[in-house]
Structures are given as C-alpha cells and as structure tokens.
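Data block below; observations after.
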Amino acid sequence: MAAPGDPAPAAAPGIPVPFKISFPDADVGRLRRKLADTVLPEEIVPDAGWEYGLSLSTLRELKSAWESFDWRSAEEGLNAYEHYTVSIEGLTLHYVHCRSPRQDAIPLLMIHGYPSCFAEFLPLLPTLTEPPEGKQAFSVVLPSVPGFGLSSAPPRGWTVKDTARVLDTLMTGVLGYTAYAAQGGDWGYLIASQLAAHPSCLAVHATLCVAPPPLPIPFYIPLYLLPSFLSGPLINWCFTPPERAAFARTWQFLKRAGGIFPLAATQPALIGYALSDSPLGLLAWVGEKHTTPLLTDPERPIPVDKILTTLSLYFFTRCIPTAHLQYHENASSFAEPPARISRSRCTLGVSQFAHDVFAVPERWVRRYHTGCKWFRRHEHGGHFPAMDSPEELVQDLRDFLGENKTLFAGSR
Amino acid sequence: MSTPLPQPVLLDPASRLPQAEVSRFLTLLRESRLPETDILPGASTGWEYGIPLTRLQELRTYGLEKWNYDAFLADISRFQHYTVEIEGISVHYVHARASREGAVPLLMTHGWPGSFYEFHKVVGPLSSPSAEEDPAFDVVLPSLPGFGFSGPPPRKGWTLMDTARVFNTLMVDVLGYGEYVAQGGDWGYVVTRALTANHGDHCVLAHFNNLLELPPAYHYPVLTAMALLPKWAGRRVGSTILTQPEMDGLDRQMQFRKTGLGYVSIQSTKPATIGYALVDHPVGLLAYLGEKYSTWTDPASKATDDDVVSTVALYFLTRTFHTSVLPYYETKHTQYMYLPKQVKGKTGLSVFQFDVLGAPRSWASRVLNVVYYKRHDHGGHFAGLEMPEALVGDVREFVKGHWGK
C-alpha cells in the first residue's frame, strides 16, 4: 500500500521512473521511539525455547539489534542499486534492475516470497551480473510483489497468475527482454511456476518446489504409523536417503507448521490490521520466520542486518496487511493440483535446501514436472538461500542456466 | 487434608491496574497509525477478510473518547477480589457472597477471549436477587491461569483438566463448599465438563451455555446422509434425530469451521509467536480480540463497545495475552472430548442461537445427565454480556429445580 517515501506514480503506463528509497526522518525517529517504548513479555511458560513458537531470547536479541540498527546506512546500501517504478495494469510496480555488460548474459527475474522482500537478493547482484571470467553472467530484475513494500496493493481477486502476467509484461514489454528465466522459492516459486506458461519465460529455477506425491497422501500414512521394523524397509524401498530426509521434513511441516496459513487464507485483514504499526508485531511475526528451526539451518543463521532491513521496509511501507492477501486470494487454488511445469512449456531446475520448511522427494518432482532437467540437493541452507547460502545459489544458477544457455541465445 | 492451604488474600484491583499503565494504554491507542485504506477497496463492507477497518476505527475511537478507566475500576470493585496460591498458581477470583442465608455456591468459568469481566452484568442479580423466590448464590468467578489477575500456568503441559482440579480445590478446600454448581462456556465449558467427569462428588450441578460434543454412534449414518444430500432432503432425514433449530445451529457451526478457525491454527501451533506479537499492542488486541465479539455474537448483540474495550484493557494491563492462548496449545480436543461420562450430578444446557458452538441435546445427553435444556432465539457466544437476564433466569430455573433434590 502507498506509504510516505513512495515516488510519484509513473508518468505513463510502461515507462520506468527511477527513484531512490528515502523514508522521512519523522518515520525513522518514530520507529526508534516505538521500539524504545516496547515492553517485552515474560516467557510464555518456563523454558519454552522454540517449542511454543518464537523463542523469547531470540525476540529479545532481535529487538535490541533493531534498536541500534542504522537505517540510513542500510538505505544507502539499498540505493547503491538502480530502483524504478513502473505503472502496469494500474499497479505501481517497484523493481531493481541491474543489466550485465556481458553479451551472453541471461535475463533473470528473481521473485521474493513471504515474509521477505527484494532486498534478500541484492548482495548477489555484483557476482551475478559481473562474474569472474568464463562464468555465466545474468542481467537481474528484482521486483517487489504487489502488496509488498514499495509496490502498490493489488485489487480484489488478484492471484499469482495476475502477478505473473504483470511481471512478464515488466520483462518483455517494459524492459524489452525477448526471453528470460524466473527464479523463486515460497510464493516466488508459485509465481514463477505461472510464468512458465508465458512464452518468453524459458526456464524456472526453484528453491522450494511443490509437487504432489504419485499416490494420494493417505497411502503414505502407514509409513509413519507402522512399527519401524516394518516401515523401515518400506521407506527404504520408496525413497533414497536424501528423499527420506526430505519426506521426514515435509511430514514434520504437515504436523507442526502451517499455523499461519489458515488464518491468512481466511482472515488476512484480521492478522494484518492486528500487526499494523507495531515493531513488536513485526519482530515476532516476521522475525520468527527468519529464525525458527523449522525454516532455517542452525549452522547458517540469517544475518541479523538482513532481517532488520526487511522488518524496517515492512514497517515504513506499512505493507503487513496486504502482504497477507496472497493467501486469501489464492486460497481456492490450493485445493487443486499445483501448476505443472511441463517439458513443452519450460525448463525447470530445482535447488533443494535441507532445512527449508518442507522438501519434495526428487523423484516426485521429476515425475510431475516433466520440464525438470536439473535437481540439486544441499544438506545445508534453509528457506532463504539467497541470505544463508548465497554462494551455492549463485553456483546453482550458473550451472543450471549455464547448461541451458542456448535457450537464451539472441535475447537481450 | 494434611497440609493447611494458604489463606486467600484480599486483592485491590486498582493495584493491578496502575494509572501509569492506563495512561500508556491510551497513549498507544492514540498514537497507533491505523491503515489509511482498507486491505482491498470495499473490504470494509463486510467481514470476509477479517475485521473491517471501519469497525476497528470505531473501537479505537470508543477507547479514546468514551471509555472511562475510573468507571471500569468502580465496576469491577463492586465485589471482593482475592488471590490464593494453589499448585503454584496465584489464582484470582471474585467472591460475591449472597445477600441471604442458604445460598447456593456457584462457580462460573470464562473462556477466550473472555475474562471474569464477562460476568459483570450477572454477578449482582445472581448473588442478590430482588425476588424472594429466586435462589441466591455465593458467586465465585476465577480468572483462568494465564488470564486476568491470575498467575500463569507454572509449567509446560498444563491443561484445562488441571485447571478444573485447581478450581475444585478452590471451591472445596479453600472456600469450604462441599457441593456446588459449576457454570461455563467456551474454555469454561471444558473446565466445567472436567468437573462433572473428575469431581462429580462436589460439582453436583453443571450448567453450560455452550459445548462441543460428539454425536451418539447411531447418528453418524444420518449425519453422513445429511452431508451428502441436497439441503431440503438432508433436513428431512436429519429431522429424525435433530430439531430444526439444532440443524440450523450445526449449519452455523459448519460455516464457522470453514472460515473462522484460523486463530486456532496459529494459537495451537505457535502460541508464543502470536502471543508476543500482540501482547503489548492495544490496537492489535482491539482488532484480534474485538473481531470475536462481533462474529461470535448475535447481530443484535448487547455486548457493548464498552464491554469490548474494557476486556481488551484488562488483557493489555495484565499483560496476559500471550499466556491466554496457551490452552489452545496445551489442551487437545482428544483430551476433553473423551472425558468419562457424568455419573453423579446433573446438567443444564442453555443454547443461544447465534453462538458458534452448541451441541444438540441428544449429543450432550450422550455424556451428561441433561435435565434442563433451553434454546434462545437470540444471543451468542458471550451469554453473560449479551443475554444477562436469560443466563441468570436459566441458571436460577435449573438450580431451583434440581439443587438439593
């Protein structure tokens, strides 16, 4: 939703307007005061740890860090890249654009998920756009998904298909790329999987891919209900070791996580308004997602300054209500099978990170998405690989898209 | 009793609601920036997306312009408040002794997002009836552990069955009531149900203003048929086991399950996340708790803005929102819906048409000795606030007919 500091709307549909992010001093001061005034609670039960959700000691640390966070310096860092807004279908879409000087650079659209933002990919831009000699280069576009941060809020009924269409217009109609690759995890993947249907999107790279099991879910329940001397051999027969780990993680997700999904899908304004204008609310709700063992690698914690950049952007742009719209507006599609990336439409590459919220066994992905030509599993990294495993992510993009570079020959 | 129990200590509510905190509450209410626009254009016309922005603005405005702390404090100070240490919890309760001899002890247990304050309109009439023929009650209104002026549960794994045991100790060992009536709705129904199952020697009469129960086995084929058939046919089939109002109630429940249970999902999996997020945020609590007072109630509800803002103020000032959601995590329906049947004792059930919880009489009778069942065409989930006269009337009628018999 529109917030102070937003640039004026684009001059005409389709013409990008450059701008620098600059939130007023009053807002920065206000955030600081509200943080200082916040009183943290006592622990919900003694020794709760992470069992009951967000750990209080993590919350305390994050709050302290935010109190001494230098927003202006972070803002300067964001402005080292080129920001634009453009009007498409009546929406104001924000994006960062970094064109590579290399002739054979592949245009790459990197789409953030929830509760993240474009900024998670920024540190990768230099090495993606100007890699060492001999490595594949990319021209990178980082949009803010409608409803998040610096992009405006979508109208009623807006689904991932609509976001995909607008992003395709951005890449082709506005920026003039004839072919491109789309990258994403979480909601970014759901949007990218819709982009696969657009002729100019020739490849999708997923860091969290969704594919249904070959058999209906009830068939797999016995694997976890049988005593282990029976289920063990069955599991070994069904899955390879990495797949077993993936399935176990998914099973845990189905049992324990997903807590926000029903609430956001049925009542986005309830949770959205309740968290509005509240640094503590953002620390707890958004901060938890960046620190919980359910989504993160304990050996690769997300750098705190990156979390705080996201929290600050969410606070200044007041986007927390509209950030939940995706769950509600796309709710009916979750009852249907996920979008299938087929060979004829698009080439799919998947990087799977072991500590992500769930993980689909490789065979299921390849079986369902016939366009899947490349799959790599990492035993490290979690839900935000751009922040906790940037080198691996960059390497995967170079390997997967580099292998398929002939698709993009001739596109600029 | 081998060890003497701690004595109750008189509590001055003002000591738990200091003026400085009240000022902070109002300052935060004033300085919070509500969203400038609806989440979507036109969303304020309905409740499809959650609480409409206009309703939230109304509640905030009420809090700033009309709500009066002194009046609220005076209201709750009409009765005596106490705390007593039981099993490591500082248990708060209001004790409103009856105006005459021979009073019936009455334990009333609230739920979420309620509080002892839910009963502020019924305590007076129940303890001091104006009519000679109406029974008078010694009313005991505790705050659930983790709510209001009670301390939090002392450990992980504290369930409402534990709370029931503590409340029974309060009634029997601390207050000396060998037999008593227990009344409850929402989590209060779970506590009351646990009292009928585990403390039937003392809880001789139980009154519920809502409850969830499983149907008797022979209902399942009919219910399945109802689910599969078109509505007109399903209703015909259903009428063999249920009344029309009971079927209306089930429809309402089914609808609620589809769109209204999001809060249960987050609270039952990550109580600390939602708890810490909102505990220090008055406007957030107005939205998150206030919504229930609109969607779980009769559209003609007499639960006022004052009731809502006072309840939110209580949650904020006592800093209990995060512990208030613990029951969703700690008490699983597999525990409370499979309690032993009521053996000793009898049950009365009042059903309010707009409630989102409510069991048909036959389902309640499966596990409770239902001797009194009254259905009201009005009222909803917060019976004490919405239909105080009806609740008082039902409790009096039920008790008059069955206490001491």
Side-chain angles (χ1 to χ4, degrees), chain A residues 1-3 30 34 37-48 50-56 59 153-158 256-278 280-285 288-289 292 318 321-322 324-325 328-329, chain B residues 24 28 31-43 47-53 56 146 152-158 258-281 283-288 291 319 321-323 325-326 329-330:
Chain A
M1 62 177 64
R30 189 166 175 274
K34 285 179 83 78
D37 179 52
T38 298
V39 179
L40 290 182
E42 299 292 310
E43 197 165 29
I44 190 171
V45 292
D47 299 318
W50 279 98
E51 266 177 68
Y52 288 71
L54 177 62
S55 138
L56 185 62
L59 174 60
R156 192 183 289 254
W158 189 269
R256 282 201 62 183
I260 81 162
F261 192 101
L263 181 56
T266 53
Q267 298 180 299
L270 180 61
I271 186 65
Y273 294 161
L275 295 171
S276 275
D277 203 39
S278 171
L280 179 59
L282 290 175
L283 277 168
W285 198 253
E288 185 237 45
K289 295 278 167 282
T292 171
R318 300 192 230 158
T322 50
H324 288 95
L325 274 174
H328 183 277
E329 307 298 277
Chain B
R24 183 167 177 268
L28 286 171
E31 295 189 345
S32 281
R33 281 186 191 161
L34 290 181
E36 282 159 10
T37 53
D38 275 342
I39 191 172
L40 285 174
W47 293 76
E48 190 203 329
Y49 287 81
I51 189 168
L53 187 55
L56 180 56
R155 56 171 169 82
K156 295 180 188 173
W158 183 273
K258 277 194 233 162
T259 57
L261 287 179
Y263 74 101
V264 174
S265 296
I266 186 66
Q267 289 168 206
S268 62
T269 53
K270 303 203 177 71
T273 304
I274 185 72
Y276 298 158
L278 298 181
V279 68
D280 197 46
H281 186 34
V283 167
L285 292 173
L286 274 181
Y288 196 74
E291 185 253 352
R319 306 183 58 72
F321 176 71
H322 60 310
T323 48
V325 298
L326 275 172
Y329 182 87
E330 304 281 30

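Hydrogens, waters and symmetry mates are skipped; everything else that's a heavy atom, side chains included, is used. Numbers restart at 1 for each chain; the letters A, B, ... are given by sequence-line order, proteins then strands.
Nearest heavy atom pair, residue A/L280 against residue B/V279, reads CD2-CG1, 4.4 Å. Across A/R156 and B/P41, no two heavy atoms sit closer than the pair NH2-O, 3.6 Å. Between B/T37 and A/Y273, the shortest heavy-atom contact is O-OH, 4.4 Å. Summarising the geometry of B/K258 relative to A/T266, their closest heavy-atom pair is O-CG2, 3.8 Å, with the distance given to 0.1 Å. Between A/S276 and B/P35 the shortest heavy-atom distance is OG-CG, 3.6 Å.
Residue contact with chain A, scored on non-hydrogen atoms closer than 4.5 Å, involves the backbone and the side chain of B/I51 alike. Contact annotation for B/R319: only side-chain heavy atoms (C-beta onward) come within less than 4.5 Å of a heavy atom of chain A. Both the backbone and the side chain of B/H322 come within contact range of chain A, with heavy atoms under 4.5 Å apart. Of the two parts of A/L282, neither the backbone nor the side chain holds a non-hydrogen atom closer than 4.5 Å to a non-hydrogen atom of chain B. Contacts of B/L53 with chain A are made by both backbone and side-chain atoms, with heavy-atom separations under 4.5 Å. If you measure heavy-atom distances from B/Q267 to chain A, you find no contacts under 4.5 Å at all. Interface residue B/I266: backbone and side-chain heavy atoms are both found under 4.5 Å from chain A. Within the 4.5 angstrom heavy-atom criterion, no atom of B/L285 approaches chain A.
Two residues are said to be in side-chain contact when any heavy atoms from C-beta on lie closer than 4.5 Å; A/Y52 and B/L326 meet this criterion. The shortest side-chain heavy-atom distance between A/D277 and B/V283 does not fall under the 4.5 Å cut-off. B/Y49 is listed as a side-chain neighbour of A/E329, based on a closest heavy-atom distance under 4.5 Å.
Checked by atom type and distance alone, the side chain of B/Y276 pairs as donor or acceptor with a backbone atom of A/I44 at under 3.5 Å. At distances below 3.5 Å, at least one donor-acceptor pair connects side-chain atoms of B/T273 with backbone N or O atoms of A/L54.
When each of B/A287, B/P152, B/P271, B/G275 is scored by its heavy-atom pairs under 4.5 Å with chain A, the top score falls to B/P271. Between chain B and the residues A/L275, A/I271, A/L263, the most heavy-atom pairs under 4.5 angstrom are made by A/L263. Taking A/L283, A/L40, A/V45, A/L56 one by one and counting their heavy-atom pairs under 4.5 Å with chain B, the maximum is reached by A/L56. In terms of heavy-atom pairs under 4.5 Å with chain B, the best-connected choice from A/P268, A/S55, A/P46 is A/P268. Among B/L261, B/V264, B/L278, B/V325, the residue making the largest number of heavy-atom pairs under 4.5 Å with chain A is B/L278. Ranked by non-hydrogen atom pairs under 4.5 Å with chain B, the options A/A274, A/A284, A/P155, A/P154 are led by A/A274.
Here the CD-NZ distance, from A/E51 to B/K156, works out to 3.5 Å after rounding to the nearest 0.5 Å. The NZ atom of A/K34 lies 10.0 Å from the CG atom of B/D280; values are rounded to the nearest 0.5 Å.
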Might you work through the side-chain contact (heavy atoms from CB on, under 4.5 Å) test for A/D37 and B/R24, ending with a clear yes or no?
CA-CA 10 Å; A/D37 179 52; B/R24 183 167 177 268; 3.4 Å; yes
